[in-house]
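Report on the structure given below.
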Amino acid sequence: MLSKNQIAQRIAKEVKNGQYINLGIGIPTLVANYIPDNLEVVLQSENGLLGIGPFPKEENVDPDLINAGKQTITMLKGSVLFNSAESFAMIRGGHVHLTILGAMEVSENGDISNWKIPGKMVKGMGGAMDLVASAKNIIVAMQHCSKSGDSKLLPECTLPITGVRCVKKIVSDLAVLEVSPTGGFILKERAPGVSVEEIMAKTSGKLIIEGEVPEMVFD
Amino acid sequence: MLSKNQIAQRIAKEVKNGQYINLGIGIPTLVANYIPDNLEVVLQSENGLLGIGPFPKEENVDPDLINAGKQTITMLKGSVLFNSAESFAMIRGGHVHLTILGAMEVSENGDISNWKIPGKMVKGMGGAMDLVASAKNIIVAMQHCSKSGDSKLLPECTLPITGVRCVKKIVSDLAVLEVSPTGGFILKERAPGVSVEEIMAKTSGKLIIEGEVPEMVFD
Amino acid sequence: MINKTVKDALEAVADIPTGAFLMMGGFGLSGIPENCISALLQRDIKDLTIVSNNAGVDDFGIGLLLKKRMVKKMISSYVGENAEFERQLLQGELEVELIPQGTLAERVRAGGAGIPAFFTPAGVGTEVAEGKEIREFDGKHYLMETALKADFSIIKAWKGDTAGNLIFKGTARNFNPIMAAAGKICIAEVEELVEVGGLDPNQIHTPGIYVQRIFQGKDYEKRIEQRTVSN
Amino acid sequence: MINKTVKDALEAVADIPTGAFLMMGGFGLSGIPENCISALLQRDIKDLTIVSNNAGVDDFGIGLLLKKRMVKKMISSYVGENAEFERQLLQGELEVELIPQGTLAERVRAGGAGIPAFFTPAGVGTEVAEGKEIREFDGKHYLMETALKADFSIIKAWKGDTAGNLIFKGTARNFNPIMAAAGKICIAEVEELVEVGGLDPNQIHTPGIYVQRIFQGKDYEKRIEQRTVSN
């Protein structure tokens with residue numbers, strides 16, 4: 001089973017040179033730590049920044065410079081600031097190549113639920129619905145099962161949906177899976193020490209296994 | 001009969017303190033010369049400038065600073081530059097209070113034709129259709145009759161229309177007329193020495209005369 | 001240039017009535033109109049509808065207006081961590097309309113730009129789409145969303161001039177420029193108010209045409225929600 | 001930061017094919033991509049469709065492409081004074097689609113912003129409305145207009161950095177920023193190309209995300225159409 005950092009590390013291998021990327025809150029934010037130095041990518045923050053830098057040193061904290069998670073951040077050389085309409089113009093217009101975000105559930109046709117649990121206080125969808133409706137490539141980072149042990153990879157989402165047929169790939173603590181255009185989770189890689197049988201048992205949506213499933217390799 | 005400059009001078013009396021104004025090419029451009037110094041108004045140029053200043057001195061000509069008529073201009077203190085989408089956002093959003101433009105024909109319900117003559121090379125409507133569809137107040141500056149002597153104030157426009165039910169007032173070389181919300185040109189003022197009869201004869205749309213029609217007063 | 005200055009926040013918000021439809025700039029607590037919020041707290045008005053991406057925290061920002069029970073409805077994308085907000089909502093004392101952040105931004109932009117409606121992919125297939133027209137363009141489905149306009153938009157900028165031209169700083173820009181244009185009356189508070197001519201015309205983020213009132217604010221706290229630092 | 005630099009105009013336009021759908025920035029002759037136009041003249045391509053507010057003059061700007069018979073169709077708001085243009089049009093050798101300037105700007109903006117269609121009042125009741133959906137909002141009529149996107153958008157800025165961030169000058173900004181975003185590939189020529197970090201992040205008009213190729217142009221003529229001076 002992968003740790004959160006290992007999930008982030010595995011997702012970082014999906015990043016390609018020259019990409020503009022939006023990272024959601026939680027595990028996706030950790031991905032930034034594992035992007036190889038030889039790749040030039042730009043991180044977008046939907047509150048109005050391209051080129052998110054590292055967290056500031058204490059003496060450089062600026063309340064007028066935060067990311068979409070409201071954390072204080074810094075800029076890089078070549079960063080650019082803009083307003084919220086421009087930010088979502090970028091997202092909606094397909095200029096952001098890759099969105100990495102968390103999920104409560106993913107269905108076998110790529111639907112995602114991550115904003116609302118009936119009966120609980122709803123905090124809002126923020127920018128998630130815009131992101132999943134627009135990005136060319138959407139990768140979900142999440143635990144394979146909920147805390148109560150239920151699979152989060154389902155035939156259909158049971159929670160209110162954030163977006164339909166949008167998730168392309170899932171990296172969980174157990175596996176890397178692609179969403180088939182015709183439906184189903186194609187098992188691409190296993191976490192070290194995790195068997196295909198365990199993944200089968202913990203995936204309630206249709207699981208597609210094509211030949212030998214390799215273990216993930218970490219550098 | 002008014003000269004072009006007198007038409008502009010008369011229209012300048014319609015300008016109110018605090019207005020943002022778009023002036024079309026031709027007579028409307030001359031209006032700027034007659035706006036009283038005690039009024040603070042801002043002229044908008046739809047190619048991306050608020051705060052059009054006077055023409056530059058020869059040594060200050062800047063090819064990167066032109067108005068919508070492609071003339072070299074200057075900026076004022078407090079001027080601001082923006083792109084074409086923002087410029088028409090201002091216009092369409094009703095932020096520009098007053099548009100003054102020329103016309104080939106105006107109908108008695110306020111339709112205007114000023115962009116196309118069938119059989120002649122069509123150069124395009126430029127920003128005119130956006131301006132007439134959007135501005136809260138639209139004043140037309142034009143000759144009362146065409147060069148061949150035909151009235152340009154008509155029951156209905158005969159030329160292709162630029163906008164419907166939009167003209168609020170007309171200042172011609174003969175008269176000041178308001179377009180009635182229920183249709184018809186309300187004769188408000190006569191040019192010095194021009195009789196009501198002459199205006200009646202030269203107005204083919206419905207002319208509404210309410211009591212004594214005063215002569216225009218020029219300061 | 002037209003002079004838009006008013007004396008202070010109290011004068012700026014003096015005529016906002018009970019039941020007004022407001023927009024307030026800011027993302028989280030960054031770029032919020034602190035002075036105007038304080039001034040509103042001194043007004044005896046209520047039943048406000050507020051369009052704002054977030055709803056502040058319990059003891060800062062819009063949270064203060066909520067605590068004083070001045071708000072009837074929030075229109076936001078994310079209402080965050082706010083105990084009083086949650087209490088009022090669960091008690092049915094407060095209405096909330098949640099809108100995807102990009103749709104919210106575009107609806108506000110459309111309101112200022114005279115675009116009554118537009119199509120967006122955000123929310124297709126979700127409960128956000130309920131009751132909305134869906135249309136296909138180039139094989140993809142989109143929702144029709146309508147423009148948002150406000151009686152008053154209340155925003156915060158970094159620098160401004162007396163003609164209402166504004167420059168924002170950092171990510172405190174966020175919703176402020178688009179809300180400026182979407183308010184029938186836009187009230188802008190700025191950290192530094194300069195004479196006309198004091199700002200570079202090529203660097204202005206919000207043209208003064210959108211701003212009806214401007215004043216220099218004071219005592220900005222600029223509270224930080226998530227102070228994260230590196231070692 | 002991602003490096004977007006190419007050597008020169010010839011390299012930048014090298015893969016634009018016959019029949020390409022292009023956008024070109026500029027208003028009149030102000031802010032037009034002079035270097036790219038020169039480079040296109042050296043390419044053996046034709047049947048171009050060009051979205052540009054104007055069509056240049058006989059011997060400058062897009063007029064040069066017209067003269068070389070490289071253009072199949074112009075999509076513009078005003079085609080101005082151009083004898084060769086008029087000749088080709090009257091001979092049926094050239095197609096022209098005229099669009100209200102604000103609608104053109106908004107359709108381009110929509111193309112870049114992922115908005116497939118929107119409503120505007122411009123053109124209601126005119127021949128521009130023919131064949132278009134008309135809808136009433138709040139008692140006023142609007143046309144539905146659709147987004148415009150290009151295979152290549154070719155623009156001109158004042159300063160740019162190697163990441164493609166751009167700053168424009170004066171009214172040479174015009175359609176350039178919105179076209180940047182609406183091109184699948186945006187080619188930007190700049191008067192001055194600087195390293196990343198050389199531009200203030202708060203003053204950039206076009207974020208580099210929209211720009212795929214950038215180079216420093218040379219020998220700008222910046223012809224003036226109407227030289228008007230005061231005494």
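Below, chain A is the first sequence line, B the second, and so on; all start at residue 1.
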Any idea which of [options] has the most non-hydrogen atom pairs under 4.5 angstrom with chain B?
{"options": "D:Arg223, D:Lys169, D:Arg109, D:His205", "value": "D:Lys169"}
{"options": "D:Val96, D:Leu89, D:Asn174", "value": "D:Asn174"}
{"options": "D:Ala105, D:Ala122, D:Gly170, D:Gly102", "value": "D:Gly102"}
{"options": "D:Asn54, D:Leu90, D:Leu29, D:Asn82", "value": "D:Asn54"}

Considering only heavy atoms, which portion of B:Val122 lies under 4.5 Å from any heavy atom of chain D: side chain, backbone, both, or neither? both
Check whether more than 12 heavy atoms from other residues, nucleotides or ligands sit under 6.0 Å from atom [atom1] of [X], and answer yes or no.
{"X": "D:Glu93", "atom1": "CD", "result": "yes"}
{"X": "B:Met121", "atom1": "CE", "result": "yes"}
{"X": "D:Lys149", "atom1": "NZ", "result": "no"}
{"X": "B:Asn38", "atom1": "CG", "result": "yes"}

Measure the spacing between [atom1] of [X] and [atom2] of [Y] and express it to the nearest 0.5 Å.
{"X": "B:Lys120", "Y": "D:Glu86", "atom1": "NZ", "atom2": "CD", "value": "11.0 Å"}
{"X": "B:Lys123", "Y": "D:Phe85", "atom1": "NZ", "atom2": "CZ", "value": "9.0 Å"}
{"X": "B:Arg92", "Y": "D:Tyr142", "atom1": "CZ", "atom2": "OH", "value": "10.0 Å"}

Checking side chain to side chain contact (heavy atoms under 4.5 Å, CB included) between B:Met129 and each of D:Thr126, D:Thr103, D:Leu98, D:Thr120, which is the one that passes?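 Result for side chain to side chain contact (heavy atoms under 4.5 Å, CB included) with B:Met129: D:Thr126.
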Among B:Glu58, B:Lys57, B:Glu59, which one satisfies side chain to side chain contact (heavy atoms under 4.5 Å, CB included) with D:Val229?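 Of all the options given, the one that passes is B:Glu58.
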Check whether any side-chain N or O of D:Thr171 sits under 3.5 Å from a backbone N or O of B:Gly48 as a donor-acceptor pair, and report yes or no. no
Within [range], residues adjacent to chain D where the heavy-atom gap is under 4.5 Å:
{"range": "residues 5-31 of chain B", "answer": "none"}
{"range": "residues 163-173 of chain B", "answer": "B:Gly163, B:Val164"}
{"range": "residues 64-87 of chain B", "answer": "B:Asp64, B:Leu65, B:Ile66, B:Asn67, B:Ala68, B:Gly69, B:Lys70, B:Gln71, B:Thr72, B:Leu81, B:Phe82, B:Asn83, B:Ser84, B:Ala85"}

Please tell me if the side chains of D:Gln101 and B:Phe88 come closer than 4.5 Å, counting only heavy atoms from C-beta onward.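 Yes, their side chains come closer than 4.5 Å.
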So which bits of residues 127-141 of chain D come within less than 4.5 Å of chain B, counting non-hydrogen atoms only? D:Glu127, D:Val128, D:Lys140
Do you know the tightest heavy-atom contact between D:Ser30 and B:Pro63?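 Heavy atoms only, the tightest pair is OG-O, 3.2 Å.
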